[in-house]
Amino acid sequence: MAKDPVRVLVTGAAGQIGYALVPMIARGVMLGADQPVILHMLDIPPAAEALNGVKMELVDAAFPLLKGVVATTDAVEACTGVNVAVMVGGFPRKEGMERKDVMSKNVSIYKSQASALEKHAAPNCKVLVVANPANTNALILKEFAPSIPEKNITCLTRLDHNRALGQISERLSVQVSDVKNVIIWGNHSSSQYPDVNHATVTTPAGDKPVRELVADDAWLNGEFISTVQQRGAAIIKARKLSSALSAASSACDHIRDWVLGTPEGTFVSMGVYSDGSYNVPAGLIYSFPVTCKNGEWSIVQDLPIDEFSRKKLDLTAEELSEEKALAYSCLT
């Protein structure tokens with residue numbers, strides 16, 4: 001039996017990340033090679049012509065799984081009936097801009113898009129916020145879409161997770177697919193904590209701890225962390241544009257694992273609503289290690305946290321609490 005199409009919304013669809021993301025979705029990278037999709041693409045009125053160009057290209061690519069395209073500048077039309085929403089649209093952070101500068105602009109964007117999703121999305125719609133500041137944008141969206149279950153609102157830290165896997169893979173000259181269980185804790189910002197204390201590499205002699213194989217704590221506790229934290233800025237400096245391709249790819253990874261499940265024994269990083277696990281203040285959207293099964297994520301519990309890690313977890317939680325306060329002040 002052919003599956004019913006899933007409706008996937010991409011906001012900011014005419015932008016760099018959107019342009020990289022929509023063909024991946026249409027090709028089955030996000031939801032599987034046998035899952036038909038209908039793409040809903042939203043952008044702002046000044047981008048309407050570019051958005052129509054993207055729609056023309058989707059038609060021209062003749063993707064077998066693509067069963068329809070809605071390209072619109074109307075949030076209600078874009079959100080109607082969607083099962084998965086990937087929120088890429090936001091006020092972009094430009095070189096030299098502080099996150100604080102973009103907060104107030106994004107608060108108003110996410111407030112209006114939240115109410116459109118709240119009223120018009122399919123029940124049990126899964127939401128992934130990509131636009132920065134991603135954790136706090138997701139929190140604002142949650143605030144203004146109270147009927148969407150809090151467990152259905154997430155933000156993207158899979159990009160950072162994948163960056164960490166990539167750094168370890170390069171350092172050890174191993175296949176990236178053999179590295180697993182790195183963790184990104186906290187905020188999708190330069191305060192995030194990329195943690196390898198529970199990560200392993202599959203070797204011919206079985207799974208070995210990353211720390212043991214790298215055998216260089218100074219690198220793992222220093223340069224490795226700062227490289228992952230600053231990778232986005234390094235790409236902007238090199239490309240003069242943000243990391244669109246890797247962001248799009250990791251958004252697909254995030255949704256695919258959430259919907260189809262994580263492999264046994266593997267956990268991934270997702271920005272999710274904190275329930276107080278690991279002494280992270282409840283009510284923040286914070287990146288945790290999670291496993292996914294039957295379309296639900298669960299925080300991996302009882303991992304030992306050393307003193308070095310504890311400080312890093314608290315530091316990024318502090319930044320998120322400040323961002324939350326700043327966002328709420330923009331609302332009043």
Side-chain angles (χ1 to χ4, degrees), residues 6-13 17-18 20-33 35 37 39 82-90 117 121 124-139 141-142 148-166 176-177 179-189 192 194 228 231-232 242-263 266-274 285-300:
V6 170
R7 291 180 180 271
V8 182
L9 166 66
V10 176
T11 70
I17 295 173
L21 178 58
V22 293
M24 294 184 191
I25 299 170
R27 204 174 266 293
V29 176
M30 180 179 278
L31 293 170
Q35 177 58 64
V37 292
L39 266 169
V82 297
N83 309 101
V84 174
V86 187
M87 316 301 283
V88 178
L117 279 172
N124 213 31
C125 174
K126 287 178 159 55
V127 182
L128 167 61
V129 177
V130 175
N132 283 322
N135 300 58
T136 301
N137 284 344
L139 200 60
L141 193 146
K142 183 198 156 296
I148 298 177
E150 60 194 30
K151 67 178 190 335
N152 282 22
I153 295 174
T154 65
C155 82
L156 187 71
T157 54
R158 182 59 174 268
L159 175 54
D160 311 294
H161 179 99
N162 287 352
R163 285 166 171 166
L165 293 175
V176 75
S177 54
V179 187
K180 67 177 183 184
N181 298 353
V182 299
I183 301 167
I184 303 297
W185 297 98
N187 198 359
H188 173 61
S189 77
Q192 63 175 258
V228 176
R231 188 69 161 186
S242 70
S243 44
L245 182 158
S246 51
S249 181
S250 57
C252 288
D253 292 344
H254 175 113
I255 298 284
R256 188 183 61 244
D257 284 345
W258 188 4
V259 172
L260 301 177
T262 44
T266 300
F267 44 80
V268 295
S269 304
M270 282 172 69
V272 298
Y273 196 64
S274 171
I285 301 256
Y286 188 99
S287 182
F288 288 97
V290 303
T291 55
C292 304
K293 195 175 183 179
N294 302 327
E296 306 269 332
W297 54 263
S298 312
I299 296 172
V300 177

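If you're wondering where the values come from, they're calculated on a predicted model, not measured in any experiment.
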> Is there a side chain to side chain contact (heavy atoms under 4.5 Å, CB included) between L156 and H188 once you walk through the steps?
Replying inline: CA-CA 7 Å; L156 187 71; H188 173 61; over 6 Å; no

> Distance from L165 atom CG to S269 atom OG, nearest 0.5 Å?
Replying inline: 8.5 Å

> Would you say the side chain of V82 lies within less than 4.5 Å of the side chain of V8, judging by non-hydrogen atoms?
Replying inline: no

> What are the two closest heavy atoms between P149 and N124, and how far apart are they?
Replying inline: CG-OD1, 4.4 Å

> Of all heavy-atom pairs between M30 and A251, which one has the smallest distance, and what is that distance?
Replying inline: CE-O, 4.1 Å

> Which pair of heavy atoms, one from T262 and one from T291, lies closest together, and at what distance?
Replying inline: OG1-CA, 3.6 Å

> Around R27, counting heavy atoms of other residues, nucleotides and ligands shown, do more than 12 lie under 6.0 Å from its CZ?
Replying inline: no

>> On a heavy-atom basis, which atom in C252 and which in M24 lie closest, and how many Å separate them?
In response: SG-CB, 3.7 Å

> Just checking, K151 and W297: is the charged tip under 6.0 Å from the six-membered ring centre and within 45° of the axis?
Replying inline: no

> Given R158 and D257, is the side chain to side chain contact (heavy atoms under 4.5 Å, CB included) satisfied, shown in steps?
Replying inline: CA-CA 10 Å; R158 182 59 174 268; D257 284 345; 2.7 Å; yes

> Between the main-chain N or O of G89 and the side-chain N or O of T11, is there a donor-acceptor pair closer than 3.5 Å?
Replying inline: yes

> About how many Å separate CE of M270 and CD1 of I285, when rounded to the nearest 0.5 Å?
Replying inline: 10.0 Å

> Yes or no on side-chain hydrogen bond (donor to acceptor under 3.5 Å, both in side chains) for R163 and S243, after CA distance, side-chain angles and deciding distance?
Replying inline: CA-CA 11 Å; R163 285 166 171 166; S243 44; 3.0 Å; yes

> Per the side chain to side chain donor-acceptor pair (under 3.5 Å) rule, which among N187, D160, T157 passes with S287?
Replying inline: T157

>> Could you check whether N137 and N132, counting side-chain N and O atoms only, form a donor-acceptor pair closer than 3.5 Å?
In response: no

> Any chance CG of L260 has more than 12 other-residue heavy atoms, nucleotides or ligands included, within less than 6.0 Å?
Replying inline: yes

> Could you give the distance from CD1 (I148) to SG (C125), rounded to the nearest 0.5 Å?
Replying inline: 5.5 Å

>> For Y273 and Y286: C-alpha separation, side-chain torsions, deciding distance, then whether side chain to side chain contact (heavy atoms under 4.5 Å, CB included) applies.
In response: CA-CA 6 Å; Y273 196 64; Y286 188 99; over 6 Å; no

>> Between W185 and P289, is there a side-chain heavy-atom distance shorter than 4.5 Å?
In response: yes

>> Under a 3.5 Å distance rule, please check whether T136 uses its side chain to pair with a backbone N or O of P133 as donor and acceptor.
In response: no

> Looking at F267, is K180 sitting on its ring face, NZ or CZ under 6.0 Å from the six-membered ring centre and within 45 degrees of the normal?
Replying inline: no

> Between I184 and H161, which heavy-atom pair has the shortest distance, and what is it?
Replying inline: CG1-N, 3.3 Å

> From Q192 CD over to N135 CG, what is the distance, rounded to the nearest 0.5 angstrom?
Replying inline: 9.5 Å

>> Could you measure the distance from the SG atom of C155 to the NE2 atom of H254? Nearest 0.5 Å is fine.
In response: 8.0 Å

> Does L245 offer a backbone N or O that forms a donor-acceptor pair with the side chain of S249 under 3.5 Å?
Replying inline: no

> Is any side-chain heavy atom of V130 less than 4.5 Å from a side-chain heavy atom of L128?
Replying inline: yes

>> For I153 versus A138, what's the shortest heavy-atom pair and its separation?
In response: CG2-O, 3.5 Å

> Please walk me through it: do T154 and W258 pass side chain to side chain contact (heavy atoms under 4.5 Å, CB included)?
Replying inline: CA-CA 10 Å; T154 65; W258 188 4; 3.4 Å; yes

> How about R7 and V84: do any of their side-chain heavy atoms sit closer than 4.5 Å?
Replying inline: no

> Rounded to the nearest 0.5 Å, how far apart are CG of L117 and CG of L9?
Replying inline: 6.5 Å

